[in-house]
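Below, chain A is the first sequence line, B the second, and so on; all start at residue 1.
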Amino acid sequence: MAEAKLLSGNDACVQGALAAGVRFFAGYPITPSTEIANAFARELPGRGGIFMQMEDEIASMGAIIGASCTGTKAVTATSGPGFSLMQENIGYAAVAEIPCVIINVMRYGPSTGLPTSPSQGDFMQTRWGPHGDHPVIVIAPYTAREAYRETGRAVNLSERYRVPVIVLMDEILGHLRERVEFRDEDLVQEINRKGPDPDSTFLPYEYTEDGVPPFANFGTGYRYHITGLIHDETGFPTNNPVEVDRIMRRVNEKIELHRRDIARTQFVEVDDADILVVAFGSVARSAHEAVRTLRQEGKAVGMVRPVTVWPFPDEDIRKAAAGKKAVIVPEMNLGQMVREVERVVAGTVPVHALNRIDGLLITPQEMRDLIEDIQ
Amino acid sequence: MAEAKLLSGNDACVQGALAAGVRFFAGYPITPSTEIANAFARELPGRGGIFMQMEDEIASMGAIIGASCTGTKAVTATSGPGFSLMQENIGYAAVAEIPCVIINVMRYGPSTGLPTSPSQGDFMQTRWGPHGDHPVIVIAPYTAREAYRETGRAVNLSERYRVPVIVLMDEILGHLRERVEFRDEDLVQEINRKGPDPDSTFLPYEYTEDGVPPFANFGTGYRYHITGLIHDETGFPTNNPVEVDRIMRRVNEKIELHRRDIARTQFVEVDDADILVVAFGSVARSAHEAVRTLRQEGKAVGMVRPVTVWPFPDEDIRKAAAGKKAVIVPEMNLGQMVREVERVVAGTVPVHALNRIDGLLITPQEMRDLIEDIQ
Amino acid sequence: MSKRWEVRLIGTGGQGIVTASIILAVAALREGNNVVQSQNYGPEVRGGYSTAYVIASESSILYPKIDRPNVLLVMTSTDYEKYLRDIDDNGMLIMNGEPGPEKVPDNVYFIPITNIAHDEVERPITANIVCVGAVVGLTGMVSEAAALAAVEEHVPAKAVKINRRAFILGVRAAREALAKREASATS
Amino acid sequence: MSKRWEVRLIGTGGQGIVTASIILAVAALREGNNVVQSQNYGPEVRGGYSTAYVIASESSILYPKIDRPNVLLVMTSTDYEKYLRDIDDNGMLIMNGEPGPEKVPDNVYFIPITNIAHDEVERPITANIVCVGAVVGLTGMVSEAAALAAVEEHVPAKAVKINRRAFILGVRAAREALAKREASATS
Amino acid sequence: MGKKRFNVTVDRTICKACGICVAFCPMSVFTTDHDDKAVVSAPERCTGCRQCELLCPDFCITVVQVEETADG
Amino acid sequence: MGKKRFNVTVDRTICKACGICVAFCPMSVFTTDHDDKAVVSAPERCTGCRQCELLCPDFCITVVQVEETADG
Amino acid sequence: MGELHEKYLRMNKMPHIWCAGCGNGIIMGAFITAIDRLGYDKDEVAAVSGIGCSGRITGYLDFNTIHTTHGRALAFATGIKLTKPRLKVFVFMGDGDAVAIGGNHLIHACRRNLDMTAVIFNNHIYGMTGGQFSPTTFKNKSATTAPYGTTDPDFDIAQLCIGAGATYVARGTSYHARLLTDLIVKGAEHPGFSVIEVITHCPVNFGRRNNFESPAQMLLWQKEHGVAARKAKAMPLEDMEGKFTIGELYRSTEIPEYLEEYGRVIQAANEEKQP
Amino acid sequence: MGELHEKYLRMNKMPHIWCAGCGNGIIMGAFITAIDRLGYDKDEVAAVSGIGCSGRITGYLDFNTIHTTHGRALAFATGIKLTKPRLKVFVFMGDGDAVAIGGNHLIHACRRNLDMTAVIFNNHIYGMTGGQFSPTTFKNKSATTAPYGTTDPDFDIAQLCIGAGATYVARGTSYHARLLTDLIVKGAEHPGFSVIEVITHCPVNFGRRNNFESPAQMLLWQKEHGVAARKAKAMPLEDMEGKFTIGELYRSTEIPEYLEEYGRVIQAANEEKQP
Ligand SMILES: Cc1ncc(C[n+]2csc(CCOP(=O)(O)OP(=O)(O)O)c2C)c(N)n1
Ligand SMILES: Cc1ncc(C[n+]2csc(CCOP(=O)(O)OP(=O)(O)O)c2C)c(N)n1
Ligand code: SF4
Ligand code: SF4
Ligand code: SF4
Ligand code: SF4
Ligand code: SF4
Ligand code: SF4
Ligand SMILES: [Mg+2]
Ligand SMILES: [Mg+2]
């Protein structure tokens, strides 16, 4: 994979998923994610995989959960309207702890919105979309190369922690093609879910040290029960308060327990900066560009970019922001991540939101203007 | 209505909605909201209304939007799984500015969860459930009497501001019956959406002073277009950045513009308190009880209860918390509203979360214990 | 009503426990009290046992749950010892059935509710109304008149008579139990 | 490649503008540059005009959009004045067609792309490849060899020959235009 | 041919007193007790049709063939 | 009976050059111009069947009856 | 454009944005002709559509119009009709819209028999999203999500609707434009829910990929494969192979219209009120 | 309980929690009898259910079991079957589950013809949520959401499935338990998607409200109203009024099984790989 190629963000997701061992895709077309379905349709059948076009997004989400039950790594891809429809089944995957990956290529919402315009309007939805408390991992790449690597990592994290993982793209990244040259660190390693220990009795929702129970693939001789009702460690429903509390804490807390493995944050010239920009996804490309040119001009500006946006990197942001003159949070929405940043810096540093909701990307110039205003 | 009656929270919602002029209900049964559908089925046909059982929650949400287009006040009721399915169409109502009311009687999630156990796990979902930035009003009553009044108010706010309004109940409030004796202030006044001015040309999404365009009911001689695509003031799709920005800011900001009318916050012995409890819904009943008994013992404890939970009462909380020794946020979830409180108090006061996720209500005693610990 | 009444009824689905609790609540409400009534179901509304409760008090009722009721009526078992720890220290426990030979604590009463409904009212379905009578008779939490009025309101029109009878028989059984207890206390 | 190239192509759906931009991007990439290519569609993928662009640069490309391109090729209009303000101060504007009688600014070139495809290649569908040739010929942003290789890669196997011709004719037209401009500059 | 005899048992602990066996046994083998649970009252009438086994929603009933008498 | 005559017009500004009228006019009234747009080349052949009007997806075509000649 | 267009279309939105040769325009023409024939007052007509190229039609029609969410048009329409029964409600959907994501709403609308008319633009493809196969795409066709050819079996929309209990089902084509107008008129006049499936063509996202050289060729295909239902009955089965019937396919008046029947509920409720 | 139960049920979950006299238990008995007859290895059977009283069945069956979300069982099952075709997949749904919220997945499963067997527990009511009417509730019935009696027309599930393209459709009842076992066996053996609708009864939430005095009476109703399909053909139409057919209602082998057909895609993809 050493040769440089021109790869779109959407295609890069597909390549990354395939490299991580994905062999099932179920989806329903929607702009601007459709190229992902198109590519899986071409790639999977020749690799022992199955491409399935379902009747809608609800069914797509159901089908990938079903596929995952047999041990098949499974992905779906969608955009806002479809993503909204998937929420109930995403919650199911979270509570039943079924590995799977959902790629959301954000477009301008709500509703049909502006189907071909980019947005970051689903940031909060990726965290809070399903009803009830549930664990989530959301990763937001900002280049095609990263889309490849992080989609692969998303598959691996979902397998390792038995959790649905969302890859949060946007129309800009999904549709642009760019030079990608994979280096060693990009090579996606295939990680498989932990299976039952053949030497001891299988408990489908066992309390293990790492908080992640072993998974028995359907058809491998373990006959057990999976349900979206709250269940005890045997997998059967319970409403015993002690059991309920215990299992739901484990299910939710396993993310925090493994934060070090799950989290990825990029720091760009943060240490000596006066002003810190916190940005993710395509907007971080503009932010990064702004930082680069401002630094050339001798201005002390840095950037923190959550690659893993959920769990939100509270500590990383807190530390990076400490002692700065100001924090700027540019977003293609009305101010979503900025709420998290405000919560985290807790009044120690002034936080400025820079929002654009006209369907266009925030430019580096806009960031520079704001930074100059602040200084 | 002066006579005292025994009324359940669910029935009170229905009575409040009827008093505010609701004449259409579409829904799909789900515990613990089903009694609402049952009551509408009994009440509507004799009042010139229609009760409709749809094939699912998506259709229910669609049907109430359709009904609202003809000028009929319309309601649906559901719980977590169904509420998750409604998100796409809630976003539609938000962007197309169609008045409607959704009652979510929260149960324990995610997924099927614990269908008969209470929870406050959908707090964040009510704000961030649909994809894309969108306006929301969410009201969380804590007694049957308030369920009556606030459901009526929800209908009125939805009419006045052309926005979907969510009444956030929970299993405890939905299912309990209690003494309700309506006083004058409970009487629901019927408010109707503003119609077109017959003397000027009708612009369906006109920029008016109050940020709310007039609504022409279908079949009243105004032939115009409604769409979930981003539209200009004529109602037709646009992707002109200037137009897009302008309309979407108006649509989102009209809530803030009318915060005074929309917001309702209850303050209980806040002024001289050392310790402040911030709670909503059924948990606030426990909190209120704890405050009452602690005060009897001479302890300076107070409570702030957001009745309108979204828009979140930033200023109310900030002011109430100022100078307190600590703020306690008890919730039947893993800590959702507490994030908002943390954001708002911005480090000025220590914030303590008290969470229960075993399917049971937090008791006044637990709050007292925590308060004693803190002191 | 000077105290805060917390009454819990335990039965199985279909025994009319919820209606019984509503009747108690309405009676208390009519007498000017604040009331909260509620119930738990098994998984959704399916099978298994169900419990219902009423809180009645002159002051406003905020916390809507009962931790340890001061009246607990158990329709489904006669094993009173199991339930003793669930009630308030000064609470009363009412069991459906006949006591065993051993001495029963002072705060435990046995009322053969099912039998009364079956053999005396001759309508097993009225057990829940017998149950209302028993609670009212034993506790006096509401007046018999208020309770009877509430009963009549909450049963089908054509079954008013039989339910009135059930109520009265419940009250009578309660009085007898009280008298017996007093007798044994003074003896 | 010493500068940062920002090339935008404007056409209507179905004119192959996107492919043209991809070909330019691949050629630039093969020559060791960083590239970003993208496009805008009308409402979803329906009707209307479409624009595609390429950014090519030796240094890494972060901001992935073009505000004012330094090369703008317009397939859909000959009204160059409307587009002059959209380009960078030192930018080049390429119009599809013949210039009018009036004097055209130095940075504006007219290449009869559609006509070349129609009349000389005799395959209107190759207009986008003529367009690639024109851009390469006028700007030299990539070598002709690299561009030709990229063309051959991106057209159906059986259409390689005809597209090669289209490319060469595009380059030739560009050279002629340059020569003419130079001539008029020196004259 | 010999007349077959059957042993019919009801697991009273799981019987839910639904009355189905009582209603559908063609030979009226079952009656009910004071809790309305099924009682095998006339096992000798059983012809082994297994209708009761098939229709009991709670799998309480077992019908086993016992012996074949040769007095036919 | 008199032979009917028709005036056939194409609104060139909105014609999308789809070729449908050209293909379906039974009397071959239409041809195309250099942009493939429809041109009314032989209006005299028109029988007024209105197939073109019905099938033009862009409502570019109008067929109007002009006069009735009495030379039949 | 003619008088009809000026009367029923929003002329300031013309020309429409559908591609050259797209069948949607033809169907829109047939539809407004039907409305004219029906003589409905424009203020009393509600047009509801889903999302897709077909869904754009409501932007052009000069009625009370609403462009809803993908697949949900019938749900919205149900709310409109129930609360203002006087309105004539027409619902426009694509094949993906109506029978992929929206299949459930379609079968329930068929079952309920509320007096509305659904017009399904069946171009056998997801047009708007760029050519993925749909539940009505035939076998061995090429689509962006079927680079090796489709293998999924396809729905017969009319059969599906009949199975779901529809009381009026017809099939037209964009080629048979006059027939289509007739069918829409009859469907609208039918007291109850009516479905008109229109076999149409997407030259850009179906035709190009599947060896149709032009929109005209696709219309020709319709002409050659659509067989009048009456005629089809008399034909040997083999001759119908690969063909489809057009015309009125099913009509029944056994099931009462929804709101008519709902009147019984209202009556019962009113009776209960007066003791 | 007998050997069969011990072999196929999770005995530690017994007794089940269905109400006294509920048809679900009878269907579960008929089902495990069918599995025994089919001789399937328990490890190779996957049972998938939706949400509802009927959906609880997967908690009791000793196979690979999954209790999914309301209405979505077939979507989950599709993912299972496609990725491990060796598994025998059975899908259990209630009437609300299968044809209210889940209607779309059902018709698409019928269309696709992936080799799975769906068993629909049609008790004509939403049992679990306490007795709301469902899309299969007959007219003039009482339900919590129909206090004045139902007026909505009801689906004929079998006709719906046939209209959607199903290749095997049968109807049984909980009363005709032996027949039901036969139908499940035949459905499972059918190469493709098979639907077995089971007319069953909910004594608590349907029976009590609709003048059935006992579960036995409801079974009797089934006995008296279910007419063998073959017999029905020979009967005058009037005699079938209010009755329903039971037995195998439709079977076709014209449409190939989904994965079999998908093999063509795989083959084409593999051929393309080797140039
Ligand atoms: C929930 C949701 N999923 C997917 C889409 C994307 N989408 C828009 S139109 C369409 C299908 C278009 O096909 P069809 O319904 O046949 O209409 P056509 O464009 O062919 O007229 C899809 C999948 C969407 N808008 N919303
Ligand atoms: C999305 C969603 N909506 C609603 C429900 C509530 N619900 C649970 S089961 C059920 C229907 C039960 O009826 P049916 O499917 O016929 O099954 P039965 O209980 O009769 O066997 C409903 C509406 C849910 N769990 N999820
Ligand atoms: S086997 Fe037949 S005869 Fe014997 S008890 Fe059962 S139902 Fe009666
Ligand atoms: S059928 Fe079964 S559960 Fe019902 S009464 Fe008979 S033995 Fe008991
Ligand atoms: S009306 Fe008929 S004959 Fe005349 S131009 Fe049109 S298609 Fe041709
Ligand atoms: S049918 Fe209409 S759009 Fe097509 S070529 Fe003819 S006039 Fe032009
Ligand atoms: S893509 Fe197809 S359906 Fe859509 S407008 Fe173009 S031709 Fe018509
Ligand atoms: S409610 Fe009805 S369907 Fe559910 S278990 Fe009870 S009887 Fe069976
Ligand atoms: Mg289509
Ligand atoms: Mg049911």
Side-chain angles (χ1 to χ4, degrees), chain A residues 58 79-81 83-85 87-92 94-96 104 106-117 119 121-122 124-125 127-134 227-230 239 241-242 244-245 248-249 252 333-334 336 339-340 342-343 345-348 356-360, chain B residues 58 79-81 83-85 87-92 94-96 104 106-117 119 121-122 124-125 127-134 227-230 239 241-242 244-245 248-249 252 333-334 336 339-340 342-343 345-348 356-360:
Chain A
I58 299 173
S79 185
F83 190 65
S84 286
L85 292 171
Q87 297 306 319
E88 188 197 7
N89 280 344
I90 291 177
Y92 182 94
V95 71
N104 175 3
M106 279 184 283
R107 67 188 219 183
Y108 193 112
S111 189
T112 313
L114 288 178
T116 54
S117 296
S119 163
D122 308 354
M124 280 293 196
Q125 188 193 27
R127 175 67 191 89
W128 302 110
H131 62 283
D133 290 304
H134 57 280
T227 177
L229 286 163
I230 309 303
N239 51 16
V242 177
V244 168
D245 180 78
M248 291 308 288
R249 286 199 189 268
N252 281 285
N333 59 38
L334 277 170
Q336 298 193 7
R339 298 171 84 97
E340 292 297 301
E342 279 173 355
R343 179 181 57 78
V345 305
T348 55
R356 216 171 154 160
I357 56 155
D358 60 356
L360 298 174
Chain B
I58 298 173
S79 185
F83 189 65
S84 286
L85 292 171
Q87 298 307 318
E88 188 197 8
N89 279 345
I90 291 177
Y92 183 94
V95 72
N104 175 3
M106 279 184 283
R107 67 190 220 183
Y108 193 111
S111 189
T112 313
L114 287 178
T116 54
S117 295
S119 164
D122 307 353
M124 281 293 197
Q125 188 194 26
R127 175 68 191 87
W128 303 109
H131 63 283
D133 290 303
H134 57 279
T227 177
L229 285 164
I230 309 304
N239 51 17
V242 176
V244 168
D245 180 78
M248 290 308 287
R249 286 198 190 269
N252 281 284
N333 60 38
L334 278 168
Q336 298 192 8
R339 298 171 84 99
E340 291 297 300
E342 279 173 357
R343 179 180 58 76
V345 305
T348 55
R356 216 172 153 159
I357 56 155
D358 61 356
L360 298 174

Would you say A/Arg356 and B/Asp245 make side-chain contact, with heavy atoms under 4.5 Å? no
Any idea which of A/Ala346, A/Gly91, A/Gly109 has the most non-hydrogen atom pairs under 4.5 angstrom with chain B? A/Ala346
Pair count under 4.5 Å, heavy atoms only, with chain B: among A/Ser119, A/Pro241, A/Ser117, highest is A/Pro241
With a 4.5 Å heavy-atom cut-off, do B/Ile58 and A/Leu85 have their side chains touching? yes
Any idea which of A/Met106, A/His134, A/Gln87, A/Glu88 has the most non-hydrogen atom pairs under 4.5 angstrom with chain B? A/Glu88
If I measure from the heavy atoms of chain A, does B/Leu360 come under 4.5 Å with its side chain, its backbone, both, or neither? side chain
If we only count heavy atoms from C-beta on, is the A/Leu229 to B/Pro115 side-chain gap below 4.5 Å? yes
So do the side chains of B/Glu340 and A/Arg339 get within less than 4.5 Å of each other, counting heavy atoms only? yes
Considering only heavy atoms and a distance below 4.5 Å, find which of B/Ile357, B/Thr227, B/Asp122, B/Val95 pairs most often with chain A. B/Ile357
Can any side-chain N or O of A/Ser84 pair as donor or acceptor with the backbone N or O of B/Pro130 at less than 3.5 Å? no
Scored by heavy-atom pairs under 4.5 Å with chain A, the best of B/Gly113, B/Gly129, B/Gly121 is B/Gly113
Most heavy-atom pairs under 4.5 Å with chain A, out of B/Ile230, B/Asn104, B/Asp133, B/Leu334, belong to B/Asp133
Pick from A/Gly80, A/Ala96, A/Gly359, A/Ala94: which one has the most heavy-atom pairs with chain B under 4.5 Å? A/Gly80
The side chain to side chain donor-acceptor pair (under 3.5 Å) partners of A/Arg127 (sequence neighbours excluded) come to none
Flag side-chain contact, heavy atom, 4.5 Å: A/Asp358 against B/Met248: no
Using non-hydrogen atoms only, which part of A/Tyr108 is less than 4.5 Å away from chain B: side chain, backbone, both, or neither? side chain
